[in-house]
Structures are given as C-alpha cells and as structure tokens.
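First comes the structure, then the notes that go with it.
Below, read A as the first sequence line, B as the second, and so on, with proteins coming before strands; counting in each chain starts at 1. Here the structure is a predicted model, which is why all the values come from computation and not from measurement.
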There are 2 protein chains.
Amino acid sequence: MDRLTNSQDQALRHRAARVVPGGMWGHLHAAKLPEGYPQFFARGEGAYLWDVDGRRFLDFMCSWGPNLLGHQHLEVEEAAERQRRLGDCLNGPAPAMVELAEQLVGLLPHAAWAMFQKNGTDATTTCATIARAATGRRKLLVARGAYHGAVPWCSPSLLGVTSEDRAHLLHYDYNDEASLAAAVDEAGGDLAGILVSAFRHDLGRDQEMPQPGFARAVRAACDAAGAALILDEVRAGFRLDLAGSWEPLGIRPDLCAWSKAIANGHPLAAVTGAEWLRDAASRIFVTGSFWCGAVPMAAAVATLRVAMRDAVPERLAHLGGLLRDGLAAGARRHGLALRQTGPAQMPMVLFADDPGARRGEVFCAAALQRGVYFHPRHNMFLSAAHTEADIALALEAAEHGFAAVAAAG
Amino acid sequence: MDRLTNSQDQALRHRAARVVPGGMWGHLHAAKLPEGYPQFFARGEGAYLWDVDGRRFLDFMCSWGPNLLGHQHLEVEEAAERQRRLGDCLNGPAPAMVELAEQLVGLLPHAAWAMFQKNGTDATTTCATIARAATGRRKLLVARGAYHGAVPWCSPSLLGVTSEDRAHLLHYDYNDEASLAAAVDEAGGDLAGILVSAFRHDLGRDQEMPQPGFARAVRAACDAAGAALILDEVRAGFRLDLAGSWEPLGIRPDLCAWSKAIANGHPLAAVTGAEWLRDAASRIFVTGSFWCGAVPMAAAVATLRVAMRDAVPERLAHLGGLLRDGLAAGARRHGLALRQTGPAQMPMVLFADDPGARRGEVFCAAALQRGVYFHPRHNMFLSAAHTEADIALALEAAEHGFAAVAAAG
C-alpha cells in the first residue's frame, strides 16, 4: 500500500489517537485488519464504499451487517425522508411504530408482539429480562464463544466485568445436544431461557448451521422446563429467511432479538415474542431516549417491504453461491485449501491450516489493493446491491489474493 | 377532552395494544400521563408538537431532553443532511467522529478523550466498566432513587433482574455527606467509582442542586481512594453549563456520561474521560452496530456549535426563570402553593401536599386542553426554540390549570 494513497486516513488516525482512547473502540477498530485497510470512511453508495483518501472499495462487510439493500437505497431513504420532514424524536412514538410492529407480527410466525430498541445488545438484554420476569427464574444458557453483545453480562471481554455479572449464565456447545442437556440439568428448576444464535458465527472459526436435532432439542428443553427459547437474530436476521432463520427447521422461538439489517443502516433493534411472554414484556422497565425515533422505524418498514418484494434472502444466497464457487475454484487453481462455511449470504472464508488467519490477511490485503474489501476472520455479508458483475470483480481481486498467498508459501 | 378530537390516537392505541406489549413501553407510555394526553405524535417543529389528530401543543418535555434547540433546527438538520448524502452507517467512522471528539475535549475541561454510543444507558454502563477496569475494583456508589438507565444493573424496576446484577452497588443519599462517607467505608478497598447525577432529578420529588460541600466530598472520596468520579450528565448535559454541570462548582469528574441533548434528537451518547482512564477505556470491549453512525455525530457537532454560539444554557435559564416566576405568581393568585425546584432550565413543578401528583394531573390536563404540554411529576425541559411569547402562552394555559386545581379543591 502506497503510503501516499492513505494520507488522509493516517492524518485522521493521528488526530483520533489524541482524543479517542486507542484511536477507536470495538469491532470497527482497523487495527484488527491487515495493513492498508482504512479506519475512516467518506461515503457509501450501493455496495461500494469510499475511504477518506478517495479510494473506492467493493464492500463485503456491509457495515458489519446493517447494509442489507445497499447504501443510499432510494425507497428506504425516501421513506426515512418523509418521516424526517415530520419528526423523529418526539414525546412519544409516531404511527410508524405501530406499522412496523404489525409488519413484524405479520412476517414472523413466532411473533405475537414487538418492541423496539437501538442496539442489538439492548435487544438481547431485553430478551433475558423478559425471560426472567416471565419465569421468575434466573439461569440463562448461552453457547460457549457466542457473541450476544458488549455489556458485562455478555461481553467477550472480562475486563471491567465482575463475576456476579455472569453469575447466572451456564454454557453449552452449539450443535452439541449432550452439552445442552448437561447445562439444562445444571440449571435445574431455575432455567429462565436458552439463548442461541441463529447459526454459529463465532469469530475466526468455521460457521455452523444449526443441526435440526439440536434445534429440536433446544425447543424441547424449553418446553419441558417452561423456559424461553431466545433466538439471537441480530447478525443473521433478514438475510437467511424473512420468516425467521429457524423457520425452515420448523422450530419457532419464544423471543427473538433483531437489529443490524432491520432498517438498512438506520439505528434500530427489536424484540419479538410469543403470546405467553406478552405480559412479562409489558411489566419490565426498559427504555431509551431514542428508542421511539420515528425515522429508523419508517426506514425499517420500507426495508422489510423491499426485502419481501425482492426476495432478498434468495438473491443473497444466489450471489453468495457464485462468490463461494468462484473462490473455491480460484483457491484450487493456486493449490490452496479454503474453508467456506455457513450460509452463502454471510460468507466465512478461512484458509485451511491458518492459525491467526495469517494467510487470510495476505489474501485480504492483496484483494484490498484491487479495490475489494474482504475480512480475514469475521463472517462477511452480502447486500442486495451486489450484482453478478460485482461478484466477478471480487473474484478477479481474489485471484490476486490467492496469488499473494501462494507466493508467500 | 372531547373523544372525537383524539380518535386517531385512540385508533392507534387500539392497534398497538395488539402488537406491542401494554401498547407501549418505558418512559414514553402515555398511561403515566393524565387523560387526554396523546400517545402518538405526527410531527414537531421548533417548540411545538402535533399529535396524530392534528392537535398542536406547545411542548415542555422536549422529547424528555433531546430537543435542545427545537425540532427541525435548520443548522443541525443541514449538517445532518450533508453527512447523510455521503453516508451514515459505514464500515468505520466518518471524520465527524474525530471532529466531535475534538470539540468535546475542547469544550469540557475534565475531558482528555471521548468515545460514543447510542443510549444514555450505554454511556453509564461504559463508565462503570471503565472505572472497574482502571481500578481493578468492583464497588460502585449510586444515590438512592437516582436514575442511571434501564438495564438490570441500574433499572428502577427489579422485575427480571437478579440480585447479582446489583451485587456491587452501594447506596448513599444525594447531598448527604455522612451517607456518602458511610458508603465509601462500606466499599473499603474495593471502591471503583462514585456515580452521581449532575443534580438530583428523581421522579416525583423536589429537585436538588448539588451542594458544594457534597460535591467536594465526592471528589475528595474518589481522590483518596483512587476511584473514578462518574458524573451522569445524560439528563442535564448541555442545558446547565456547556463546560459541564459541575464546572461552576469547581469540581471536575473523571468520567462523564452524555446523551439526550447532545445531537438535538439524533440518537447519540458519549463518554468523556480524564487522562488516567484513557488506557482502561482503550482496553475494555464496548461496541454497537450503530455507534459510529456519522449522521448523529455531524448533528452533534452542529448542535454543540449552536449551543455555544447562542449561549443556550443562559437563554434557557432566562426563559425558565420567566416560566417559574409566572407559575409562582399564578399559583399565589389562586391560593395554591407550588414547589418549583432545581435548575430553571429543567423545571420541576409540583404542588405542595400533593401525594401521587393528583393536583398536578388536574393542572396538566387543563393546560393540555389549552394546547400546552406539561408533565405532572417528571422534570420538564426548555429548548432554545421557546420564546418569551411561548412562555406567556404557557402561563395563560397554566392559569386555566390553576383554576381547575382550585375548583377541584
């Protein structure tokens, strides 16, 4: 990477280092990416991003999920703008809240009701609180290594977290019925709920779709205990199946946490739930100053309408399949072995025998130089703004990435 | 209230009752307000709101804080729109993040750095995590009855909350140095921080400004223990003093939580901190899908610039003084005794000897019929969009409110 090409990014990083701890926080910190990746972005359009140095990238992170239909999507932005001209943050909700709740209840067979927040963490925390309120019990089962948010009870880091913050978490292994049964036993009569990701999408490792037997076991354990099956759809939601990611398995959750893609980048989260949890959901106290913001709700109504009309999950699966097949063929040509796992709509591309994703970093850095923004160890995301021509362009860049990996040996 | 005049609101409530638990959640639930108050809003402009039945209200809740400069504020919305045309939710922050962090560090004498979130609760939780990470200790002191957010560790409701969620909270009474000292003693060598609201603004009771001796005692206790003084500015921030609400006292916090007014209604929260906490802030893991949204940051830069240029706290204090004096005179004319406490910018108007705020409800319901939106038991908020003519209009409506209270006996 020519240093001159990212001088604006470097200048901003220098300024940020003075006034932001570590220059940036959380999952968007560019220090976790190969050299050459920008920290700061100037704009986005469709499936493309521009950094502050004017470099254009074909993007496969989609803002880490929110960008479902493409940046600056006309119908979504028109709906948002219509609401914005009226008002956003008022003394109560706008009618868009009711429209969106009705739309979700109509869309999701498991859902009798919906309520709204801002962050995915708000949604998972609200689900936990509802499950505990409804059951009068305390234990929550979570999969080892799963990400459900970034507050003390679920943060992937224990720094600044007390052991009491996690006192009532018990762990199982995703897709492992025996470990699930053991955790259920351990919870005994105190099981409030089982929290489970739509599929296994842990950082830096192969993704796993839920095995039907595992999903049935989760459902059965909740039914037997009178506990809540809490499906974390924050990352997967609206990309796999618009009726809910476990609907193809025939397993319906009691509570779902949604965020990211729900409003195509506008800040919104949601909890949807079954009838038996309505009363508890109405009695707990959860709120936020901006949770009733009307613009993100209007954007969500439009986003979901477009996603349904255009069968977006199927489109993403088609594009993801093309990308996956092309990457597999490219790797083979270079004598490299790839591990591509999980749903095609959310590509996870890892190199075999690549601890620390060093080959992945070489691959991504080379692709970035050709204008394609991949991630070496986190699942990626497709948007409906990607085209078959974009996939072809990505595969050309990947060819350079494979060549770089092969050359590095 | 003529039923016909709020038929749209009733219709939306009926629809919401089916798809939202309790029809609404949290602090914006209209069930907590007198009859006649709308649940749903159609639009806002300046200091005025319109409900879905087209009724116009001169508003004194300001979206419960966020609306600092008035709805649809031209300069803020132009800045937001410029950023929006470029992009909002990208793969990393926009330059606006650095501008805003620099602006806050320049504005707030206590601050060496800033980081951003969405909700006030995100900010208070992040402060707690930083304090614990920096000190390696666990205990947090909070004032009895203070509101610091709506997640299990700080929620005003215990429903769905476990005792372990609160295991390391110790309580003191606001403005009570003896109770503070006792809580500090109880924390012993495990004191991570003292969390304190900018002033006492608990629901339904007289507000209290921090007494200088109390503020000094909080600072001294933190200094003696090497603990963090965490000032919760979420509600008060940018209305009392743009350099920080405790700056006039000469007391500087180590960490501040900000949200609500920071971006004039755009969803944003912030934590600012002292140099000694920078390293801990850089090492904890906190994040959210929308925390880097560029539009609210651009809106915040403009909001704070306008607030400084127009000396907004002073303007709000002037308007609040007019309202307070007028209300006091009106009450006297009707032989009623009012308790008006705390900063004039955030009016708390309670009737003497009025448990449950029944008189307050009669007063507010009558004022609402005259087109003025007051709150019977929560502090209110002024915005820079209020004018002296608006205050006069509010006082005319209040006259009807006082008459109604006097008539009710």
Side-chain angles (χ1 to χ4, degrees), chain A residues 12 15-16 19-22 25-28 39-41 43-44 61 63 66 86-92 94-95 98 101-102 105 113 115 118-120 125 129 132-133 138 150-151 155-157 159-160 162 164 167-168 259-260 265 267 278 281-290 292-293, chain B residues 12 15-16 19-22 25-28 39-41 43-44 61 63 66 71 86-92 94-95 98 101-102 105 113 115 118-120 125 129 132-133 138 150-151 155 157 159-160 162 164 167-168 259-260 265 267 278 281-290 292-293:
Chain A
L12 279 163
R15 285 167 59 191
V19 292
V20 175
W25 65 86
H27 67 296
L28 301 186
Q39 178 65 79
F40 293 94
F41 289 87
R43 70 185 180 97
M61 284 309 288
S63 316
L86 297 170
D88 180 24
C89 182
L90 305 166
N91 286 9
V98 182
E102 288 173 344
V105 168
W113 53 263
M115 51 200 299
K118 282 288 121 182
N119 302 313
T125 303
T129 306
R132 285 176 170 146
R138 300 173 300 175
V151 287
S155 172
S157 165
L159 188 62
T162 71
E164 287 78 4
H168 296 297
S259 185
K260 288 196 179 281
R278 182 194 294 264
S282 75
R283 289 184 298 115
I284 63 164
F285 187 79
V286 287
T287 200
S289 298
F290 307 110
C292 283
Chain B
L12 279 164
R15 286 168 58 192
V19 292
V20 175
W25 64 86
H27 67 296
L28 300 185
Q39 178 66 77
F40 292 94
F41 290 86
R43 70 185 181 97
M61 285 309 288
S63 317
H71 293 286
L86 297 171
D88 180 24
C89 182
L90 305 166
N91 285 10
V98 182
E102 289 174 342
V105 167
W113 52 262
M115 50 201 295
K118 281 289 121 181
N119 303 312
T125 304
T129 306
R132 285 176 170 145
R138 300 173 299 173
V151 286
S155 172
S157 164
L159 188 62
T162 71
E164 287 78 4
H168 296 297
S259 185
K260 289 195 177 284
R278 181 194 294 264
S282 75
R283 288 185 297 116
I284 63 164
F285 187 78
V286 287
T287 199
S289 296
F290 307 111
C292 282

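The greatest number of non-hydrogen atom pairs below 4.5 Å with chain A, out of B:Gly87, B:Ser155, B:Ser289, is found for B:Ser289. Of all the listed residues (B:Lys118, B:Arg15, B:Arg138, B:Arg132), the one sharing the greatest number of non-hydrogen pairs under 4.5 Å with chain A is B:Arg15. Note: A:Leu86 leads A:Thr162, A:Thr125, A:Leu86, A:Val20 in heavy-atom pairs under 4.5 Å with chain B. Chain B forms the most heavy-atom pairs under 4.5 Å with one residue out of A:Cys89, A:Ser259, A:Ala281, and that residue is A:Cys89. Note on B:Gly120, B:Gly293, B:Pro66: by heavy-atom pairs under 4.5 Å with chain A, the leading option is B:Pro66. Most heavy-atom pairs under 4.5 Å with chain A: of the set B:Ser282, B:Gly22, B:Pro267, this distinction falls to B:Pro267.
Side chain of B:Asn119 to main chain of A:Gly288: no donor-acceptor pair is present (N/O by atom type, distance under 3.5 Å, no hydrogens or angles). Proximity of a side-chain donor or acceptor of A:Ser157 to a complementary backbone N or O of B:Ile284 within less than 3.5 Å is not detected. In this structure, the side chain of B:Ser63 does not engage the main chain of A:Asn91 through any donor-acceptor pair within 3.5 Å.
With a threshold of 4.5 angstrom between heavy atoms, A:Val286 approaches chain B through its backbone and through its side chain. Using a 4.5 Å cut-off between heavy atoms, B:His168 touches chain A through its side chain atoms alone. Both the backbone and the side chain of A:Phe285 come within less than 4.5 Å of a heavy atom of chain B.
Here the straight-line distance linking atom CZ of B:Arg43 with atom CG of A:Leu90 works out to 11.0 Å at 0.5 Å rounding. Of the inter-residue distances, the one linking B:Trp113 atom CH2 with A:Trp25 atom CH2 reads 10.5 Å to the nearest 0.5 angstrom.
Contact annotation: the side chain of A:Phe41 never approaches that of B:Cys292 to less than 4.5 Å [non-hydrogen atoms, C-beta and beyond].
Residues B:Thr129 and A:Leu159 come closest through the heavy atom pair CG2-O, 3.6 Å. Smallest separation of non-hydrogen atoms from B:Pro21 and A:Met115: CG-SD, 4.3 Å. The two residues B:Ala167 and A:Glu164 come nearest to each other via the heavy atoms CB-CG, 3.6 Å. When all heavy atoms of A:Ala101 and B:Val19 are compared, the closest pair comes out as CB-CG2, 3.6 Å.
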